[in-house]
Participant: 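Sharing a structure, written as C-alpha cells. Questions coming.
Whatever order the structure lists them in is the order used to number ligands and atoms, beginning at 1. Note that the structure is predicted; figures quoted are calculated from it, not measured. Note that the numbering runs from 1 along the sequence shown for the chain.
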Amino acid sequence: MCGMANAFEKKLLAWYDENRRILPWRENPTPYGTWLSEIMLQQTRVEAGKAYYLRFMEALPTIEDLAKADEDLCLKLWEGLGYYSRVRNLHKAAKILVEECDGELPHDVKELTKLPGIGEYTASAIASMAFGKKEVAVDGNLLRVYSRLEEDATNIKDPKAKEKCRAFFLKKMDERPGDFNQALMDLGELVCLPNGAPKCDACPLASFCKAHQAKKEQDYPVVEKAKTKKEEGRIVFLLQYQGKIAIRKRPDSGLLASLYEFPNALGDKEESWATNYLKEKGLSFLSLVPLGEAKHVFSHLVWKMKGYRVMLDALPKEGDLLFVTKEELLERYSIPSAFSYYLKSL
Ligand code: SF4
C-alpha cells in the first residue's frame, strides 16, 4: 500500500476524526496512560472509568510514581472498580519496568505480554496506540464488526474467529494503527451495535460490508448458545431393613464410576411409579414415605431427584444390593455428593 491509506482505512479514519469519543486517555496520550486505561477498561465501562483514570493519573502520574507507591494507595485509588488483581498486577509490572527497563514500557507485543496483567489484547492495544505498531487489538467490538463485514459465521468464541479477524484488519491497517483500532472500537460501540439493529446508514464501512449488502447484519456475529444441560428425572430409594440401609456400587466406568449410591432409577415423580418399580424388582415393603426433591448439577447433566424411604419387610433374595449400617456407610463407602440430600435424612 506504499504508505497510501487504502480506501477502507481512509473512510474509517475520516469517520473517527469526526466522530470519535473524547476520552481523557486519548488526549495527549502516553504509553503509561494507554496502559492504565486499557487495564481499567477491562471490567469497567468507559463512562465510569473516566473519573477513576483522572484521579489515578493525578496521584501517580508516571510509571516511577506507581512503582514507588504503597500498595494501599494503589488499592485505594482502585476502590469501587473491583477486580483488584488488575491494580496489583499494574503495580507489580511498574516495579519490574523500573528495575529492568528504566521505567519504560517495551514496544513489542511479545515483551509486553511478559508483564503481569498484560494479555494479548492489552499488549496489542498498547503497541499500536502508544508506539504505532501494526497490531490488531481484537476485542468483542472488532469481532462483531469483522463478522458482519465478511459475513463470517465462525462462532466468535472460537479462537479461529479471532485469528481471522486479526488477519483481516491487519491487511487494511496502514498509516495509523492505534487510531485504526480505536476507530473500530468506537464504531462497534456507536454504530455497529451489539444489540438491536446496527446504524448502517451512518457507517463509513457500509460499502465494504457483506452482511449489510445482503441485509443480514443481525445474523452476525454467530455466537454459539450455551448448551442447555440434559435433565434426568431420578427416583432415589432409601431401602431400609432392620436398621440397615441398601447401597450398591456404580459401574466402573462412566458417571460417578465405582462409587456407591443409593439404589435409584430413571423415572417420573409419581408415587405409584415408585411402588410399581419396587414390586417389579420383587421387593416387598411395609411403608413408602416421600423424602422430598433434590437437584444435582453435573457438568453436562442435571439430576432432578425425588426420594422415598422404604421400609422393607424382607431382604431381597437376589441382586446387587448391599445392606450396611449407617456407621459403616459413613466410614467405608464413598457416596457422591449428588446424594447428599438423602444421606442427610438417614
Ligand atoms: S454496514 Fe452495518 S453491519 Fe456493516 S459494519 Fe457497518 S454498521 Fe456494521
Participant: Using a 4.0 Å cutoff against the non-hydrogen atoms of His212, which atoms of ligand 1 qualify?
Facilitator: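 This gives 1 (S) as the contact atoms.
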Participant: List ligand 1 atoms under 4.0 Å from Arg148, heavy atoms only on the residue side.
Facilitator: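 Heavy-atom distances to Arg148 below 4.0 Å select 3 (S).
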Participant: Report, in ascending order of atom number, the atoms of ligand 1 lying under 4.0 Å from any heavy atom of Glu217.
Facilitator: 3 (S)
Participant: Between Cys192 and atom 8 (Fe) of ligand 1, is there a contact where an N/O/S atom of the residue lies under 2.8 Å from the metal?
Facilitator: yes
Participant: Given Cys203, Pro198, Ala211, which has its nearest heavy atom closest to atom 6 (Fe) of ligand 1?
Facilitator: Cys203
Participant: Counting only heavy atoms, which portion of Cys200 has something under 4.0 Å from ligand 1: side chain, backbone, both, or neither?
Facilitator: both
Participant: Cation over ring, Lys172 on Phe168, under 6.0 Å and within 45°?
Facilitator: yes
Participant: Taking only Lys NZ, Arg NE, NH1 and NH2, and the carboxylate oxygens of Asp or Glu, determine whether Asp320 and Lys249 approach each other closer than 4.0 Å.
Facilitator: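 Answer for the salt bridge query: no.
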Participant: Considering non-hydrogen atoms of the protein only, which is the closest contact for atom 4 (Fe) of ligand 1, and what is the distance?
Facilitator: Cys209 SG, 2.3 Å
Participant: May I ask you to decide if Asn181's main-chain N or O and Tyr16's side chain share a donor-acceptor pair within less than 3.5 Å?
Facilitator: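 No.
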Participant: So, Gln182 and Arg26: side-chain donor and acceptor under 3.5 Å apart, yes or no?
Facilitator: yes
Participant: Taking the six-membered ring of Phe323 (Phe, Tyr or Trp), confirm whether the NZ or CZ of Lys244 is under 6.0 Å from its centre and within 45° of its axis.
Facilitator: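 Not satisfied by the 6.0 Å and 45° rule.
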Participant: Can you name the atoms of ligand 1, numbered from 1 with element, that are less than 4.0 Å from a heavy atom of Ala206?
Facilitator: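 The list of qualifying atoms is 1 (S).
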Participant: Give a yes or no answer on whether the side chain of Gln213 reaches the backbone of Ser207 with a donor-acceptor pair at less than 3.5 Å.
Facilitator: yes
